[in-house]
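To start, the structure itself, in structure tokens.
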Amino acid sequence: MRSRPGANVPFGALLLVEGGGEGDAPSFRAEIRLYDELARVDILNVVTKPVSARPEAIYQASPLAAQAPTVYLDVPGTVLRPGLD
């Protein structure tokens, strides 16, 4: 796994984390955006994996602490709030 600062951005900070992709393992890339003026964190995860006919699942965990967070999940065709929509 590798992490490095992202490109210079005018709104705050950007961190890139990349790993996997060896053999038949999927590769992943996470882009974490922190904002100077907003109480917001954007996490963009991209998983690239070999094609498989077997059933598969991905478990996503974000160990962030917040008093009353609103989480939005962008899936193909819609944006939803997990557990609510």
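Remember, it's a predicted structure, so these values are computed and weren't measured experimentally. Side chains included, hydrogens not; waters and symmetry mates left out as well; all remaining heavy atoms used.
The CG atom of L14 lies 10.5 Å from the CG atom of D42; values are rounded to the nearest 0.5 Å. Interatomic distance, CD1 of I32 versus CG of N45, reported as 8.0 Å (0.5 Å rounding). Separating the CG atom in L16 from the CZ atom in R29 is a distance of 4.5 Å, to the nearest 0.5 Å. Interatomic distance, CG of L15 versus CD of E31, reported as 9.5 Å (0.5 Å rounding). Here the straight-line distance linking atom CG of D85 with atom CG of L73 works out to 10.0 Å at 0.5 Å rounding.
Of the possible polar contacts, one joining the S52 side chain to the R54 backbone as a donor-acceptor pair under 3.5 Å is found.
R40 and Y35 get closest at one heavy-atom pair: O-CD1, 3.4 Å. Heavy atoms only, all atoms of each residue included: V47 and P26 are closest at CG1-CB, 4.0 Å.
The shortest side-chain heavy-atom distance between E18 and F28 does not fall under the 4.5 Å cut-off.
Annotation: E56, atom CD; neighbour count of heavy atoms from other residues, nucleotides and ligands within 6.0 Å is above 12.
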